[in-house]
Participant: 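The structure that follows is given in the form of structure tokens.
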Amino acid sequence: MKKSPLPLQHIRGSETHVRGKEALVKLLRWHFGHSEFRGNQLEAIEAVLSGRDCFCLMPTGGGKSMCFQVPAVAKPGIVLVVCPLIALMENQVMALKEKGIAAEYLSSTQTSHAKNKIHEDIDSGKPSVRLLYVTPELISTPGFMLKLTKIYARGLLNLIAIDEAHCISTWGHDFRPSYRKLSSLRSRLPDVPILALTATAVPKVQQDVIESLCLQNPLVLKASFNRPNIYYEVRYKDLLDDAYADLSNLLKSIGDVCAIVYCLERTTCDDMSAHLSNSGISSAAYHAGLNNKMRTSVLDDWISSKIQVVVATVAFGKDVRIVCHYNIPKSMEAFYQESGRAGRDQLPSRSMLYYGMDDRKKMEFILNNAGKKKLQSSSSEEGLLKKSMTDFIQMVEYCESSGCRRKKILESFGEQVPASLCRKSCDACKHPNLVAKYLEELTNTCAVQQKSRFSRILISSSSDIVDEKQFSEFWNRDEDAGGSEDDISNSDGISSFC
Ligand SMILES: Nc1ncnc2c1ncn2[C@@H]1O[C@H](COP(=O)(O)OP(=O)(O)OP(=O)(O)O)[C@@H](O)[C@H]1O
């Protein structure tokens, strides 16, 4: 059913708050079915509709999309949404279309016919599309920038929303060089308000985002990172007989609910998915090694609940009840972002991290060697290397500490909170004695492992116990344009994103 846009007479410039609010709430109810705005949504929407830049930091699942989707239905013209992942774009566009809102995305996964139709519409002078999702790579192509300047010259570009804006910062956990090029948007399209959205920016990154995008006197909105509906837990692989079996039992025990399992390597994803399927859990792997067709088919099957579990190296959207990390993530930011896929509908959800000493060593090895390589090429990378190490140490502390997990997460984002905030919604607060016991056992197990490893080294003639080749995928990932495998948007050429 196609809904007609609600006429809004009162939202022009920064007019009266109450009239604006009433009209906007009507839009929210009409188009999206939500009864009230959440957190800072309204402030962000009013700011951008009045033409002001805005930096909006909201927790994962906080409802950032509404901050640009409501403005898109509030007035005719186009809202351009820059999004780093094709899967997320597809997801959002599909959901908007179901609501009768004219949304499209441009990506390499579409047929030429589909792309041509969108281009015809936006070139027409009277575009029907309200939300146009694109990748940062497409923005940096001269052809698309020219197109944008034409839309802008016709007064049809209302807002530029930059999702996952932390990707612009080299200090962010998911730096994408293509995001850097977004800095030209301000000079090319000077009067269009820019809305930068993120869930994971530490203060240094926030400043970097604001400066890199040349935001002018932006309204800065920040909400707490706390996700009260997520229960955090760590399980210690070294204390389990079989971590694979433990994970499949866990997934079976929670019934037929949607889950994501994150792994660091594609091969682990494939193995894990096969293991889960053999245990009777419908699952599929989803990673950059799959072709477009396979990825789309996995995504479709998952969204339509044909499969219960996706085992992935990359994040993508859907409300899930549980997110498991089968390998330790590289930083608290990455962990927060990924575990935050759970409970985006605010219902009780779980984050389960399987921590293993081998995974820890592997990651330390990767970071050390990546650092050594970089240091050889440029001494300016030293700061970044130190940051990667510090980030990882924070993640290890999260796993190896007997203190409140929630407090650890929030402190890593600079939020000081009492442990009472958790209300026993992490294993360390709910079962402190058990967690302390596990950590003691872990220390003892590691001491034994260390000893036997030491004797193995003495016996072995080889001085190096780590085989570089087995980690080749990590090297490749590190040398990826984005330094992150989250970029699976098919970089098959400069204009491949259109
Ligand atoms: N005002 C609201 N009232 C109720 N539900 C809302 C409201 N705004 C958004 N939501 C719902 O919250 C969920 C998360 O919204 P959204 O996808 O925009 O979050 P997000 O901040 O982009 O999260 P993430 O960073 O994890 O991608 C969605 O299911 C959305 O429909």
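First listed ligand is number 1; within each ligand, the first listed atom is number 1.
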Participant: Is the NZ or CZ atom of Arg188 positioned over Tyr152's six-membered ring, under 6.0 angstrom from the centre and within 45° of the axis?
Facilitator: no

Participant: Any idea which of Lys64, Arg344, Arg227 brings a heavy atom closest to atom 27 (O) of ligand 1?
Facilitator: Arg344

Participant: Between Glu397 and Lys408 (salt bridge meaning N to carboxylate O under 4.0 Å), is one present in this structure?
Facilitator: no

Participant: Verify the ring-centre separation between Tyr355 and Tyr398: is it less than 6.0 angstrom?
Facilitator: no

Participant: Out of curiosity, is Met58 lining ligand 1, as in a heavy atom under 4.0 Å away?
Facilitator: no

Participant: Using a 4.0 Å heavy-atom cut-off, which part of Gln346 comes near ligand 1: side chain, backbone, both, or neither?
Facilitator: neither

Participant: If we check side-chain hydrogen bond (donor to acceptor under 3.5 Å, both in side chains) with Thr60, which of these qualifies: Arg344, Gln337, Arg227, Glu338?
Facilitator: Arg227

Participant: What protein heavy atom is closest to atom 16 (P) of ligand 1, reported as residue, atom name and distance in Å?
Facilitator: Ser65 OG, 3.5 Å

Participant: Between Ser35, Gly61, Ala342, which one has a non-hydrogen atom sitting closest to atom 23 (O) of ligand 1?
Facilitator: Gly61

Participant: Using 30° and 60° as the class limits, which term best fits the ring planes of Tyr354 and Tyr326: parallel, tilted or perpendicular?
Facilitator: tilted

Participant: For atom 11 (C) of ligand 1, which protein heavy atom lies nearest, and how many Å away is it?
Facilitator: Arg38 NH2, 3.7 Å

Participant: At what distance, to the nearest 0.5 angstrom, does CZ of Arg235 lie from CG of Leu250?
Facilitator: 5.0 Å

Participant: Can you tell me how far apart OG (Ser248) and CG (Leu276) are? Round to the nearest 0.5 Å.
Facilitator: 6.0 Å

Participant: Provide the number and element of each atom of ligand 1 under 4.0 Å from a heavy atom of Glu36.
Facilitator: 1 (N), 2 (C), 3 (N)

Participant: Show which atoms of ligand 1 fall inside a sub-4.0 Å distance from at least one heavy-atom site of Gly62.
Facilitator: 19 (O), 21 (O)

Participant: Would you check the N or O atoms of Gly63, main chain and side chain alike, for any that come under 3.5 Å of an N or O of ligand 1?
Facilitator: yes

Participant: Check each of Arg29, His34, Gln92, Gln41 against atom 31 (O) of ligand 1 and report the one with the nearest heavy atom.
Facilitator: His34

Participant: Would you mind running through ligand 1 and noting each atom that sits below 4.0 Å from a heavy atom of Thr60?
Facilitator: 23 (O), 25 (O), 26 (O)

Participant: Would you mind checking which non-hydrogen protein atom is closest to atom 29 (O) of ligand 1, with the distance to 0.1 Å?
Facilitator: Asp319 OD2, 3.9 Å

Participant: For Gln69, state whether at least one heavy atom is located under 4.0 Å from any atom of ligand 1.
Facilitator: no

Participant: Is it true that Lys64 and Asp163 make a salt bridge, defined as a side-chain N closer than 4.0 Å to a carboxylate O?
Facilitator: no

Participant: Starting from the C-alpha separation in whole Å, work towards a yes-or-no answer on salt bridge (Lys or Arg N to Asp or Glu O under 4.0 Å) for Lys387 and Asp391.
Facilitator: CA-CA 6 Å; Lys387 185 183 179 294; Asp391 286 349; 2.6 Å; yes

